[in-house]
Visitor: 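Have a look at the structure that comes next, please.
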Amino acid sequence: MQTSNVQERAKALDEARRVRLLKPEEVDVDKYLHATDLTNKVREVAVLLDELRDEFANPSKEVTHTMPWPKTEHSFRFRPGEVTLYAGSNGGGKSLITGQIALGLIKQKQKICIQSFEMKPKRTLYRMLRQFAGENIEFPKFMSKEKYIGRLLDRFHDFAGNKMWLYDQQGTVTTNQVIAVTRYCAMELGITHVFIDSLMKCVPSEDDYNAQKYFVDELTALARDHNIHIHLVHHIRKLSSEEVTPNKNDIKGCLLYTSDAAD
């Protein structure tokens, strides 16, 4: 499949800031690594009682967001302040499904940021354009490819232009960089859903369980403190065959312990 023309148009889309690229140098890691005012954590009981009294008098319905599939609407929702883990084998479609979920969240008027350290932003955008179109955009049926791609990019601009950011850095990053960028997204850009792909690109090695625990603990704290939802992609252990159905015990590292502790 030839993708050069589409990818060139996607690059032009990036450069036009229709989908915004967040560069590493734009984020002051030191500033946003520990951007929490501890004085706000010490609260007087009288103030909390007043807040509880107000909640009892004026109960508010929790705002949640759904996956893009009708069959899951009543069985699963994304709540602010939480982390969702997407675990699967290599080539299992983890990035594909999170891309579809990201489009669904944009449709619900949410601002999202994708931090993918396994694919360049242009490639991520190209895949999402295909999902947005719902067909093979390389072979349009009813018009020329050039005209079709132009219209598709305009439609995507109207759909996601001011609701989607891509973090423009690939390869291994430090946990502190990812934490700072995520906090920057929440505090400065008003982003409500952050996708991190993947955990193994953010820690020194896959058997460094202390680093994994620290990172996931920080993500859960970030989600809670800033009332955002974080989507974390991770890998499972190699199974005996592809016919074996994995479970939570097959997730690499210490995430099972961390998740249970958080619950």
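Atom set for the values below is all heavy atoms of this structure, side chains included, hydrogens, waters and symmetry mates excluded.
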Visitor: Just by modelled atom types, is the Pro68 backbone N or O under 3.5 Å from a matching donor or acceptor in the Gln100 side chain?
Guide: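 Absent.
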Visitor: Going by heavy atoms in the side chains, are Val181 and Leu22 under 4.5 Å from each other?
Guide: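 Yes, their side chains come closer than 4.5 Å.
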Visitor: According to a 4.5 Å side-chain heavy-atom criterion applied to Ile, Leu, Val, Met, Phe, Trp and Tyr, with indirect links allowed, do Ile112 and Tyr126 form part of one hydrophobic cluster?
Guide: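 Yes; tracing contacts between hydrophobic side chains, which count when under 4.5 Å, links both residues.
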Visitor: Any sub-3.5 Å donor-acceptor pair from Gln131's side-chain atoms to Leu96's backbone N or O?
Guide: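 Judged by distance alone, yes, a pair lies under 3.5 Å.
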Visitor: Does Ser198 have any side-chain contact (heavy atoms from CB on, under 4.5 Å) partners at least two apart in sequence or in another chain, and if so, which?
Guide: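 side-chain contact (heavy atoms from CB on, under 4.5 Å) list for Ser198, sorted by chain: Glu118, Met200, Lys201, Val233, His235.
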Visitor: Should Val194 and Tyr214 be regarded as members of a common hydrophobic cluster, given that ILVMFWY residues are connected when their side-chain heavy atoms come within less than 4.5 Å of each other, either directly or indirectly?
Guide: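 Hydrophobic grouping puts Val194 with Tyr214.
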Visitor: If you take all heavy atoms of Leu105 and His231, which pair is closest and at what distance?
Guide: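 So the two residues come closest at CD1-NE2, 3.9 Å.
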Visitor: Would you list the pairs meeting ring pair (Phe, Tyr, Trp, His ring centres under 6.0 Å) in which at least one residue belongs to residues 160-191, sequence neighbours left out?
Guide: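 Matches after skipping sequence neighbours: Tyr32-Tyr184.
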Visitor: Would you give me the side-chain donor-acceptor pairs under 3.5 Å for residues 44-52, sequence neighbours excluded?
Guide:
residue, atom, partner, partner atom, Å
Asp50, OD1, Arg53, NH1, 3.0
Glu51, OE2, Arg43, NH2, 2.4

Visitor: With the side chain counted from C-beta on, respond yes when Cys202 and Ile196 share a heavy-atom pair under 4.5 Å apart, and no when they do not.
Guide: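 Side-chain contact under 4.5 Å: yes.
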Visitor: Hydrophobic cluster membership, with links at side-chain heavy-atom distances under 4.5 Å among I/L/V/M/F/W/Y: are Met119 and Leu129 in one?
Guide: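 Different hydrophobic clusters.
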Visitor: Which pair of heavy atoms, one from Leu152 and one from Ile137, lies closest together, and at what distance?
Guide: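 For Leu152 versus Ile137, the nearest heavy atoms are CD2-CG2, 3.6 Å.
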Visitor: Would a 4.5 Å heavy-atom cut-off, applied to side chains only, mark His229 and Pro80 as touching?
Guide: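 No, every pair of side-chain atoms sits at 4.5 Å or beyond.
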Visitor: The test is side-chain contact (heavy atoms from CB on, under 4.5 Å); show your working for His234 and Ile251 and say whether it passes.
Guide: CA-CA 8 Å; His234 191 37; Ile251 297 173; 3.4 Å; yes
Visitor: Which of these passes side chain to side chain contact (heavy atoms under 4.5 Å, CB included) with Phe195: Thr84, Ile101, Thr124, Leu232?
Guide: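 With Phe195 as partner, Thr84, Ile101, Thr124, Leu232 yield a single side chain to side chain contact (heavy atoms under 4.5 Å, CB included), made by Ile101.
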Visitor: Kindly give the heavy-atom pair with the smallest separation between Arg20 and Gly161, and that separation in Å.
Guide: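 Taking every non-hydrogen atom into account, NE-O, 3.8 Å.
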Visitor: Only distances under 3.5 Å count here; give the side-chain donor-acceptor pairs of residues 72-79 to other protein atoms, sequence neighbours excluded, each with its distance to 0.1 Å.
Guide:
residue, atom, partner, partner atom, Å
Thr72, OG1, Trp69, O, 2.9
Ser75, OG, Thr72, O, 3.4
Arg77, NE, Glu73, O, 3.4
Arg77, NH1, Thr64, OG1, 3.2
Arg79, NE, Glu82, OE1, 3.3
Arg79, NE, Glu82, OE2, 2.9
Arg79, NH2, Glu82, OE2, 2.7

Visitor: Between Gln115 and Val178, what is the shortest heavy-atom contact and its length?
Guide: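 Taking Gln115 first and Val178 second, the nearest heavy atoms are OE1-CG1, 3.6 Å.
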Visitor: Return each pair, listed once, that meets salt bridge (charged side-chain N to carboxylate O under 4.0 Å, His left out) where at least one residue sits in residues 167-177; pairs must be two or more places apart or across chains.
Guide: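 Residue pairs passing salt bridge (charged side-chain N to carboxylate O under 4.0 Å, His left out), neighbours aside: Lys23-Asp168.
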Visitor: Do Gln212 and Tyr209 have side chains that approach each other closer than 4.5 Å (heavy atoms only, starting at C-beta)?
Guide: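 Yes - at least one pair of side-chain heavy atoms lies under 4.5 Å apart.
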Visitor: I'd like to know if Phe215 and Val29 are part of one continuous hydrophobic network [Ile/Leu/Val/Met/Phe/Trp/Tyr, side-chain heavy atoms within less than 4.5 Å].
Guide: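 In one cluster with Val29: Phe215, no.
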Visitor: Do Asp207 and Ser205 have a side chain donor and acceptor closer than 3.5 Å?
Guide: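 Side chains of Asp207 and Ser205: pair found under 3.5 Å.
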Visitor: Return each pair, listed once, that meets ring pair (Phe, Tyr, Trp, His ring centres under 6.0 Å) where at least one residue sits in residues 91-112; pairs must be two or more places apart or across chains.
Guide: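 Listed by first then second residue: nothing to list.
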Visitor: Could you check if a side-chain atom of Gln110 sits within less than 4.5 angstrom of a side-chain atom of Lys163, using non-hydrogen atoms only?
Guide: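 Contact flag for Gln110/Lys163 side chains = no.
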Visitor: Determine the interplanar angle of the Phe132 and Phe159 rings, folded into 0 to 90°, and report it as parallel if under 30°, tilted if 30 to 60°, perpendicular if over 60°.
Guide: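 If you compare the ring of Phe132 with that of Phe159, the planes turn out tilted.
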Visitor: Could you tell me if the side chain of His193 sits less than 4.5 Å from the side chain of Ile228, heavy atoms only?
Guide: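 Heavy-atom side-chain distance check fails, nothing below 4.5 Å.
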Visitor: With a 4.5 Å heavy-atom cut-off, do Arg123 and Ser116 have their side chains touching?
Guide: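 Answer no - side chains too far apart.
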Visitor: For a 4.5 angstrom cut-off between non-hydrogen side-chain atoms, does Arg183 reach Leu222?
Guide: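 They are in contact (side-chain heavy atoms under 4.5 Å apart), so the answer is yes.
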Visitor: For the backbone of Ser89 and the side chain of Lys94, can you confirm whether one donor and one acceptor N or O come within less than 3.5 Å of each other?
Guide: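 At least one qualifying donor-acceptor pair exists.
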Visitor: For Met164 and Ile114: C-alpha separation, side-chain torsions, deciding distance, then whether side-chain contact (heavy atoms from CB on, under 4.5 Å) applies.
Guide: CA-CA 8 Å; Met164 179 177 173; Ile114 298 176; 4.1 Å; yes
